[in-house]
Structure formats: structure tokens, C-alpha cells
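Chain A is the first sequence line, chain B the second, and so forth, proteins listed ahead of strands; every chain is numbered from 1.
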2 protein chains.
Amino acid sequence: MTRKTDTLYVNALAKGLQVLRAFDEANSEMSLSQIAARTGLDKSAVQRLANTLHLEGFLEKDSGTRRFRPSHAWLELAYAYYWSDPLVPQAMPKLIELSQQIGETINMAELSGEHIIYVSRLPTKRSYFAATIIGRKLPALSTSAGRAILSTWPEAEWRAAVADWPLKSFTPRTTLDRDEIADSIARIAQDGYAISCNQMILNEIGLAAPIWGPDGRARAAVQCSVSSYRWDEDMLREKVLPVLLETANAISPMGQG
Amino acid sequence: MTRKTDTLYVNALAKGLQVLRAFDEANSEMSLSQIAARTGLDKSAVQRLANTLHLEGFLEKDSGTRRFRPSHAWLELAYAYYWSDPLVPQAMPKLIELSQQIGETINMAELSGEHIIYVSRLPTKRSYFAATIIGRKLPALSTSAGRAILSTWPEAEWRAAVADWPLKSFTPRTTLDRDEIADSIARIAQDGYAISCNQMILNEIGLAAPIWGPDGRARAAVQCSVSSYRWDEDMLREKVLPVLLETANAISPMGQG
DNA sequence: TTATAAGTATTACATTGTGATACTTTTTAT
DNA sequence: ATAAAAAGTATCACAATGTAATACTTATAA
């Protein structure tokens, strides 16, 4: 609609991106009018944009239902992303090793604004679908990985984050109390690792260790998700934590402990 | 530059997508002029497009080097893709199980035009980076997965593909002889699985089984990559093939054998 | 230090995207 | 089965928006 920084801002492109962004978990396949409704763009605009995206291979079109779907190009972009993120090539072999060593699901998450995003996932146990695919974004404050990252920041900064950043309830036991989260992070800062239960899904325990950046603050974390039917916190601390920390340190650009 | 289907084609959007596509394995971080050079767009256009992509969160900009990089949004798109592809949720738990069962790297690939694209990867052994990340596109004819898929097509059609589709040499032993490939596919059609050596990387053996579609032709395959230092073809046939086939059939929408 | 290249900003112009409208097809309700 | 409503498709006149040239600034190389 309205342009931003004027003459250096290409409206038509921004609208096209808006169309891409309209697809998500809950809207994985949309008709023209659904896209129009979701983006707030008008019918004609969506018609042209979707058509262009289709011709350029960014949208699949079902000739039967006339619905649009993401195309393989979306995965190709992820491929390109991976080559651009120096942490990924560095981490991958170590993450694989770790996942085989302990036989549990290992993830690497990076901070993305006020959320964390899963960049690598190595599932070893069947679990719910969303936990097995990359690119998932979750409120940083609600995840062990996010808290582990924040814990490496100067206290004033992470406290500001705890005060401001978004929270969302995923299970009946997701912590929504910001004071409680602050206490948790203070503790993580001391211990050097984060542990959390029932935050994203019930009966799941998350264990996360920060990947230190060269400036002493983490921008990523290695995380391990296990079922509370097979593990308890003490077992995790004993069996998993040492190797998890070792892996996180080995990935850390400076290797700081 | 030139517009396509006229009035339903938004040039500015297409150019913006061109910019996104310019990033790849070899160009993971580019300056304005590099983007201009690679896309063939002129300086001013790239300036505006890159700026817009940046403002919309699709390009990261290093304030030091002024170079642009893919952003986390590229992974979010992959996340959306996964929800749109019905095969992935269906396959994921079975792929995980398989990878744990045999302890070797399991992939799922789909046909994407004349290439295959890796949609899921479950590495269990450290290997070269490109083999551990999703979204990689390879000539279908050069891969066990691609051939397994083609082998389910009517003979005339796959023979046409063998004649026309692109080939690329990855190792000194990549098969570039189309007759040889045709023989290989004929055999796969009989056997119901594909096996190949040294195609993408030396000392690697690939074993692939088609995931049958409802129309009797495959559009995806389950694939297993192993090192020839630890395996030979007979061992693979004995130990891995049965479970691989079982998995592929379990994923197949119709469950056809 | 100068020269060359790359990035940034501005502007005048007309190409290109806009959104209204009308037409066709599909879906839903009666 | 038929009508009504909704969704998809096509066309068009207008001017808003993207264009590319140019000039200015900042980096990099000679």
C-alpha cells in the first residue's frame, strides 16, 4: 500500500514477498482469494503477484483446485542459506557425532530477533512433526535454547529482553511469569547451561548450551530434547550435559569455555 | 527485462526473485555490484531491489562489508514448504526409524523437473557438508534416487528423459554415458530398487527405492548413502535393502508393493 | 596520494503496475 | 436442477511507481 523509504523501495516486490510470507503451518495451500484475505492485498494485485510467482517457479499451482502451494524453490533458498551461515558447516559434523553418541534428538538454534529459529535438526526419535523440521521460530524466552543464549548477554540487556520480548503458551505448563524466567536465566548464566520441562510440549525436557561468539555473547545454542518418560533432570546432567557442553564449545568460534 | 505474459506479470517482483536466486553455494554473500553482475540487472535496479529485500527481512546486510546475505526468512520459507508437502509429514517418522535402525544416512528426494531435490536428510555419519543439508538439487539421471523414480515411469517416457535430461560430472567416475544409464534404469525397473557407486562422491554407494504415487509412478524416493569402506553391494542388499523397501512402501500413498 | 571502483542519493520521465470493471467458471444453496 | 453467490480470469485507461542516468560520497587499489 504505502511505500516506505520512498524511491529506493520497490512496492511491487514487497507485496510479492508478503504473498510468500502468507504461507505457513496453518495455511499451506491457498486460493487467490485466501491469499488476498490473508495479506490484505486486493484481488487484482494478488492475481498478478501469484501469477508472477508461479511463472518464476516460486509457487506451485494445482490445476484442479487452482490453489497455490510453496514450491521446491523454497527449499533451494534454504540450501543457499546454509552456505551463507558460517556456523552451520562448522557445527554440522559435531552435531551429527553428538546425536549418534547420545541417541537423542539434537538441534541447533540461532537467535532471530526476539525468537529462536531451528537451523539444524537431527531427530533420532519419532516426535511431533513440527519438532523435526528446520525453520521453526519460537519465542526465545520460552525455550531452553533462547534462554541459554540470553544468559550470555550482559545482565541489563537480558533483563530488558525478559521484560519486553513475546511469550506464548504452548502447553498448560509453559512459563508465562517473567520473574520466573528471569530467575531461570540468572541461574543459567551461572551454570552455563539451560534445562527446561514441559515448555513446548508436555513430557519433554530440553537441555541447551550456548555457542559462544567471539564477542563473548552467544547467538546460537546446541539443544537436546528428550522425553521425561525415559529421562529425568539428574540423568541428563550426568549423561548428556558433559558432551553437550563439549560440543557447544567445540563449535564456538573462539572455543571459549 | 522484457515482460512475459504482459499485464499479469509483475516485472519488479520477478527481478527481486532473480536477486534471491542469485545466492547459492558459490555465492553466499554478495555486494551490490556482484549481484548486478550475476543477475544481469543494472546497478540502480539492484540497489532498489536489494534495499527492499533488506527492509523486508529477506536479506541480511553486513554494515561493515556492505555485503548481503540470505536471512533466517529463507529457513522460514522452508518451514512453510514442509507443511505444504503431504509426503513429508507422512514420511518423517518412518525415515527417522529407518535411520536409527540401520545407523546410516537416510535421505528422501523428490523429483523437481529434471533434477531431484533432497527434501529430508538424516545424516548419521559425518560426511561432506553438501550431503547434510536439505534443498540440494542434482541431475536426476546421476543419482540413485532419480533413477529409482524414473524407473517407475512408462518406458517410453523414461527413455526420453535419459536422452534429454542434463548430466554433470561430479567425480571421475560419474556415468555420462546415456546408454549405460538407460541399462541401469531398465534393471532398476525390474529389481524395484537402484544402486549406484561413485556417482556424486568417490567411495560412496547409494541405494534408493521409489515411493510409489497413487498413479503408479513415483515422484520421490528413499535413499541411503554409505561408504564403500564399510559396505559392499551385497551387504547392502542383504542388510539394508529389505528395510529400505519396506519403508518406501510404507510411505507410498497407496502402499503399493 | 591519486585513481578507480563500489556504494549511496536524487531527479525527470514514461514504463509498468494499479484497481475497477466485466466476463467466465466453479461452488453453494434452494 | 436451477439459481445465486463466490471465485477465478481477462481487459483497460490512468498515473503512480519503478526506471536508468547522473552526481555525490565512501572505500579500495595502484
Side-chain angles (χ1 to χ4, degrees), chain A residues 1-23 26-71 84, chain B residues 1-23 26-71 84:
Chain A
M1 332 277 177
T2 71
R3 77 227 261 200
K4 281 191 181 171
T5 322
D6 266 69
T7 175
L8 260 66
Y9 188 77
V10 181
N11 240 288
L13 172 54
K15 289 184 190 172
L17 300 173
Q18 234 184 110
V19 171
L20 296 182
R21 282 225 144 112
F23 290 84
N27 302 84
S28 57
E29 187 178 279
M30 286 190 283
S31 65
L32 274 185
S33 29
Q34 285 178 291
I35 298 174
R38 258 184 79 73
T39 55
L41 299 169
D42 76 39
K43 195 177 159 183
S44 296
V46 172
Q47 179 185 187
R48 270 174 284 124
L49 298 168
N51 182 249
T52 306
L53 290 166
H54 176 53
L55 289 171
E56 291 303 323
F58 276 82
L59 283 180
E60 223 57 72
K61 187 177 183 177
D62 183 311
S63 44
T65 66
R66 283 135 212 252
R67 291 234 188 98
F68 294 93
R69 271 178 295 114
S71 77
S84 78
Chain B
M1 326 286 183
T2 70
R3 75 226 262 201
K4 282 191 179 169
T5 321
D6 267 69
T7 175
L8 261 67
Y9 188 75
V10 181
N11 240 287
L13 172 54
K15 288 185 189 172
L17 299 173
Q18 233 183 110
V19 171
L20 296 181
R21 281 226 144 112
F23 290 84
N27 302 83
S28 57
E29 187 177 279
M30 287 190 283
S31 64
L32 274 184
S33 30
Q34 286 178 290
I35 298 174
R38 257 183 80 74
T39 55
L41 299 169
D42 76 40
K43 196 177 158 184
S44 297
V46 172
Q47 180 185 186
R48 272 174 284 123
L49 299 168
N51 183 249
T52 306
L53 289 166
H54 175 54
L55 289 171
E56 292 301 324
F58 276 82
L59 284 179
E60 223 55 73
K61 187 176 184 179
D62 184 310
S63 44
T65 66
R66 283 134 210 254
R67 291 234 189 99
F68 294 93
R69 270 179 296 111
S71 76
S84 77

How long is the straight-line distance from [atom2] of [Y] back to [atom1] of [X], given to the nearest 0.5 Å?
X       : Y       : atom1 : atom2 : result
A:Phe68 : A:Glu29 : CZ    : CD    : 11.0 Å
A:Thr39 : A:Leu20 : OG1   : CG    : 11.0 Å
A:Gln18 : A:Arg38 : CD    : CZ    : 11.0 Å

In whole angstroms, how far is the [atom2] atom of [N] from the [atom1] atom of [X]?
X       : N      : atom1 : atom2 : result
B:Asn51 : C:dG7  : CG    : C1'   : 12 Å
B:Leu41 : D:dA21 : CG    : P     : 14 Å
B:Asp62 : C:dG7  : CG    : P     : 12 Å
A:Phe68 : D:dT9  : CZ    : C1'   : 11 Å
A:Arg67 : D:dG8  : CZ    : P     : 9 Å
A:Asn11 : D:dT17 : CG    : C1'   : 8 Å
A:Tyr9  : C:dT10 : OH    : P     : 19 Å
A:Lys15 : C:dG17 : NZ    : P     : 11 Å

Next item on the list: Would you state whether a donor and an acceptor, one from the side chain of A:Arg48 and one from the base of C:dG19, lie under 3.5 Å apart?
Entry: yes

Any N/O pairs under 3.5 Å between the protein and nucleotides 22-28 of chain D? List them or say none.
unit_1 : atom_1 : unit_2  : atom_2 : d
D:dA27 : OP1    : B:Arg66 : NH2    : 3.2

Check: Taking the side chain from B:Thr52 and the backbone from A:Val10, do they hold a donor-acceptor pair closer than 3.5 Å?
Finding: yes

Item checked: Backbone of A:Gly57 reached by a side-chain donor or acceptor of A:Ser71 within 3.5 Å -> yes

Item checked: Toward the 5' end of DNA chain C, by each residue's nearest nucleotide, A:Leu49 or B:Ser33 -> B:Ser33

Notebook entry, point to check: Is there side-chain contact between B:Gln47 and A:Leu8, with heavy atoms separated by less than 4.5 Å?
Noted result: yes

Next item on the list: Evaluate the side-chain proximity of B:Leu59 to B:Phe23: yes if any heavy-atom separation is below 4.5 Å, no if none is.
Entry: yes

Next item on the list: Return the 5'-most residue of the pair A:Ser31, A:Val10 with respect to DNA chain D, ranking by each residue's nearest nucleotide.
Entry: A:Ser31

